[in-house]
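Everything below concerns the one structure shown next.
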Amino acid sequence: MGRITEECVHRIKAASDIVEVINRYVPLRRAGSAWKACCPFHPEKTPSFSVNPSRQTFKCFGCGVGGDAVKFVMMFENLDYPSALRKLADFSGVTVAEEQESAEVRKLRKHRARIIETNRWAADWYHRLLRTSPRADHVREYLKSRGFGLETVKNWQMGWAPADSALFLREAERRNISAPSLREAFLLAAASHGEDYAVFRDRLMFPIHNLRGEVVGFSGRILHAGRDPRKYVNTAETPAFRKGGLLFGLHKATRAIAEADYTALLCEGQLDVVACHEKAGLRNAVAALGTSFTDEHALLLRKYAARVVLCFDGDGAGMRAGEKAYRRLAAVGMEVFQTRLTGGEDPDSLIRTQGADALRTLVAAARPYLEVRADQERAQAGDDVSARAAMIPLLIDLAAEMKDPNQRDVAVADLASRLNKGLDEMREAAAQAVLRKKRERDSRRETAVPDAHGKNEEDEDDAPPADAPPVVVHRAVLALCRLFTCNPECQQLIIDRVEELQDPIHELSGGVVLQRLLEAPPAPGDAEAWRLFLASLPPEQAAGLREIEPALYPLDRPEYYVQEACGKIARATLRQKQDVLMARLAEPSLPDAERLKLMRRSMEIRRMLIGAV
């Protein structure tokens with residue numbers, strides 16, 4: 001998705017009346033020339049949250065937060081700046097314009113839009129069948145037996161894909177939806193004998209939404225055990241759908257994650273997520289889409305949460321899945337906690353057998369993953385001396401996944417206490433494990449075997465190729481990026497200034513890499529997180545950041561350094577605008593009225609530059 005043009009940003013902001021926007025989320029009442037409400041960002045009984053329509057700003061005089069409509073949507077929905085802008089564009093009907101869109105990108109965007117439109121039709125049709133068709137009686141009975149009513153079906157737009165492919169094809173033809181469009185969306189496939197058939201047949205359908213609420217794909221759950229060994233069938237990779245980059249329920253959970261002190265609840269399946277939201281009021285629950293939890297999932301979740309509570313099934317498979325998720329989450333710097341579901345229980349079954357309070361109590365009592373795992377390993381080992389000795393390397397290996405050295409040291413000290421081992425000995429073992437993991441990663445990158453496309457399994461995590469033509473990054477942008485990646489206090493201070501950085505991002509060369517950093521900030525000083533971040537960028541953007549080394553630098557006065565860097569980037573932006581104005585003024589055919597307007601603007605910028613020195 002390209003960068004939104006500056007002109008489009010202005011159009012979105014101009015079309016977004018702050019009273020109308022905030023009233024979508026919080027009921028406002030008029031108070032003179034302003035509007036008031038109880039603040040949605042902190043508990044209060046007397047309204048101290050004020051919206052000023054003339055200034056198009058909001059301010060809470062209780063907790064101090066304030067800003068414009070974009071800032072409100074960012075805070076309320078826990079979104080980054082570009083996503084909040086796109087949300088406002090959807091509200092106001094402004095078409096989002098992106099910069100420097102090549103013919104290939106334009107073609108891909110249209111292809112993606114076609115898939116999303118086809119998915120929207122399919123989701124509506126599946127949903128209507130589930131609610132009204134006599135053929136779906138067995139699906140409604142199944143949902144009723146699981147404790148899900150019509151309201152839940154509506155909230156999640158659940159549907160039913162009929163067993164008869166001909167029914168699906170006739171409806172698509174009636175709506176003038178072509179077979180190629182259905183194949184592009186992975187709703188239709190061809191059998192070996194050449195006839196088309198519906199990919200999803202007699203399955204409970206869950207539409208998969210991106211953060212903008214668009215239906216980008218589907219996950220279909222089997223209803224009759226034995227007919228198909230696959231419990232879930234997901235949409236294949238398309239320009240709109242990448243299973244590894246999506247979490248079920250995240251579009252509904254971002255606000256609740258922020259309200260829960262930036263804590264996400266990670267489940268295994270879609271029905272568990274729905275049960276958490278609808279039955280237990282745990283609306284911060286999400287799940288991967290029937291696949292292993294990946295590094296990409298961890299990075300995505302880290303944008304919205306600081307800690308994760310694992311709420312996986314209590315059986316052996318759930319424990320193994322929990323360990324895999326822990327390793328990936330810990331590696332990107334997130335705190336990981338574990339609930340204590342027992343036996344074959346999952347969140348949904350626990351609610352059905354013991355009630356919603358039982359699940360809420362378990363989640364509230366969740367403990368750090370390593371504490372729970374150490375207790376489990378000790379219980380399994382019992383008095384067996386060799387088994388107790390064998391569990392120590394495993395626990396050390398798990399502790400070594402933690403990227404934050406301070407958190408890791410606390411975890412190792414806790415393990416030493418629980419296992420009655422010497423602290424120095426455990427610290428040394430952990431240090432060796434950390435080094436071993438680094439060597440293993442480096443070795444995998446060096447020896448990975450390329451596939452048929454010339455890529456290897458590590459390509460997606462690797463830094464850009466040495467010959468990638470780098471984006472030219474303005475020195476002021478590069479300085480701010482370097483500060484952003486070397487110190488956690490500086491990083492947070494820069495994130496807090498996201499609104500004032502929008503001009504530099506759009507005006508200065510290489511501003512796009514600063515925007516990418518703000519959208520998905522890697523942990524300062526963490527080489528692995530930095531490598532994963534670079535791998536997420538187009539090669540030319542990643543190449544522009546080669547000069548930055550992911551080292552951690554403690555700074556005595558982070559506010560001073562951030563203020564200086566932001567001052568320099570602001571002055572550089574003004575100079576860039578001045579250069580553009582002077583180039584325009586040098587045009588001989590410029591109309592007099594336009595020339596006068598530009599000269600006034602130039603003088604205004606000159607005064608700003610003098611005042612900024």
Side-chain angles (χ1 to χ4, degrees), residues 115-172 174-175 177 181-189 196-210 213-225 227-238 240-243 246-252 267-275 277-278 285-291 348:
I115 290 172
I116 288 174
E117 180 59 25
T118 303
N119 285 337
R120 187 198 59 75
W121 162 79
D124 289 343
W125 187 65
Y126 291 144
H127 182 60
R128 189 167 66 253
L129 284 181
L130 176 56
R131 291 179 57 192
T132 64
S133 173
R135 298 172 184 239
D137 284 344
H138 65 297
V139 192
R140 292 190 289 271
E141 283 299 317
Y142 169 78
L143 288 171
K144 184 178 178 181
S145 72
R146 299 288 297 260
F148 298 113
L150 181 60
E151 196 62 31
T152 297
V153 168
K154 290 178 180 177
N155 288 344
W156 293 84
Q157 204 184 1
M158 293 184 196
W160 172 62
D164 186 358
S165 292
L167 187 63
F168 174 78
L169 288 166
R170 281 198 301 271
E171 181 65 18
R174 190 173 76 84
R175 295 301 184 99
I177 298 173
S181 294
L182 295 171
R183 292 191 197 99
E184 286 176 344
F186 194 69
L187 292 168
L188 197 66
D196 287 334
Y197 66 93
V199 171
F200 300 102
R201 300 180 305 283
D202 196 20
R203 286 181 178 269
L204 175 61
M205 299 298 289
F206 296 92
I208 308 302
H209 299 80
N210 61 15
E214 298 169 328
V215 181
V216 294
F218 294 91
S219 186
R221 191 188 193 281
I222 196 169
L223 292 163
H224 299 283
R227 288 191 183 178
D228 191 326
R230 300 168 298 172
K231 186 175 181 180
Y232 282 95
V233 170
N234 294 301
T235 297
E237 299 282 307
T238 73
F241 182 88
R242 288 183 54 255
K243 187 167 62 174
L246 291 162
L247 289 167
F248 179 75
L250 185 59
H251 72 294
K252 287 179 174 285
C267 303
E268 279 192 270
Q270 284 90 321
L271 283 175
D272 288 332
V273 171
V274 175
H277 280 246
E278 302 295 328
V286 298
L289 297 172
T291 186
D348 184 37

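The basis for the numbers below is simple: all heavy atoms, side chains too, and nothing from hydrogens, waters or symmetry mates. All residue numbers in this chain count up from 1 along the given sequence. In this text, all values refer to a predicted model and were calculated from it rather than measured experimentally.
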_Where Glu237 and Arg242 come nearest, the two heavy atoms and their spacing_ = OE1-CG, 3.4 Å

*Under the side-chain contact (heavy atoms from CB on, under 4.5 Å) rule, what do Thr235 and Ile208 come out as? Steps first, then yes or no, please.*
CA-CA 9 Å; Thr235 297; Ile208 308 302; over 6 Å; no

*From CG (Leu169) to CG (Leu188), nearest 0.5 Å*: 5.5 Å

*asked:* For Ser219 and Gln270, which I'm curious about, is there any donor-acceptor pair between the side chains at under 3.5 Å?
replied: yes

*Could you give me the CA-CA distance, side-chain angles and deciding distance for Val274 and Phe148, then say whether side-chain contact (heavy atoms from CB on, under 4.5 Å) is met?*
CA-CA 9 Å; Val274 175; Phe148 298 113; 3.8 Å; yes

_Once rounded to the nearest 0.5 Å, what's the spacing between atom OG1 of Thr238 and atom NZ of Lys243?_
12.5 Å

*asked:* Is it the case that the ring center of Phe168 lies less than 6.0 angstrom away from the ring center of Trp160?
replied: no

_Whether the side chain of Arg203 engages the backbone of Gly220 through a donor-acceptor N/O pair (distance < 3.5 Å, no angle test) should be reported._
yes

*What distance separates Ile115 CD1 from Arg120 CZ, expressed to the nearest 0.5 Å?*
15.0 Å

*Distance-only, no hydrogens or angles: does the Lys252 side chain make a donor-acceptor pair with backbone N or O of Asn155 under 3.5 Å?*
yes

*Is there a donor-acceptor pair closer than 3.5 Å between any side-chain N or O of His209 and the backbone N or O of Val216?*
no

*List the atom of Ala287, the atom of Gly269, and the distance in Å for their closest heavy-atom pair.*
CB-O, 3.9 Å

*Of all the heavy-atom pairs spanning Val273 and Ala285, show the shortest one and how long it is.*
CG1-O, 3.5 Å

*Between Pro207 and Phe248, what is the shortest heavy-atom contact and its length?*
O-CE1, 4.0 Å

_Among Ile116, Val215, Leu289, the one residue meeting side-chain contact (heavy atoms from CB on, under 4.5 Å) with Phe241_ = Leu289

*Residues that Trp156 engages under side chain to side chain donor-acceptor pair (under 3.5 Å), provided they are two or more places apart*: Glu278

_For the CG atom of Leu250 and the CG atom of Asn210, what is their distance to the nearest 0.5 Å?_
10.0 Å

*Applying side-chain contact (heavy atoms from CB on, under 4.5 Å), run through Met205 and Trp125 and close with a yes or a no.*
CA-CA 11 Å; Met205 299 298 289; Trp125 187 65; over 6 Å; no

*Can you sort out the partners of Ala122 under side-chain contact (heavy atoms from CB on, under 4.5 Å), two or more places apart, ordered by chain and number?*
Tyr126, Leu187, Phe218

*Are Ile222 and Tyr232 side-chain neighbours, meaning at least one heavy-atom pair lies under 4.5 Å?*
no

*Output yes when a side-chain donor or acceptor of Thr132 lies under 3.5 Å from a complementary backbone atom of Arg128, and no otherwise.*
yes

*Mind listing the closest non-hydrogen atom pair of Ser181 and Thr118 along with its distance?*
CB-OG1, 3.9 Å

*Can you tell me how far CE of Met158 sits from CG of Leu150, rounded to the nearest 0.5 angstrom?*
11.0 Å

*Looking only at atom types and distance, does a side-chain atom of His127 sit under 3.5 Å from a main-chain N or O of Gly159, one as donor and one as acceptor?*
no

*Return yes when atom CZ of Arg135 has more than 12 non-hydrogen atoms of other residues, nucleotides or ligands closer than 6.0 Å, and no otherwise.*
no

*Do Asn119 and Glu214 have side-chain N/O donor and acceptor atoms under 3.5 Å apart?*
no

*Locate the shortest heavy-atom distance separating Phe200 from Asn234; write the atom from each residue and the value.*
CZ-C, 4.2 Å

_Given 3.5 Å as the limit, does a donor-acceptor pair link the side chain of Arg140 with the main chain of Leu130, or not?_
yes

*asked:* Any side-chain to backbone donor/acceptor pair from Gln157 onto Phe206? Under 3.5 Å, distance only.
replied: no

*Would you mind listing every salt bridge (Lys or Arg N to Asp or Glu O under 4.0 Å) that reaches into residues 141-164, with sequence neighbours excluded?*
Arg146-Asp348

*Can Asp202 and His138 be counted as having a side-chain donor-acceptor contact under 3.5 angstrom?*
yes

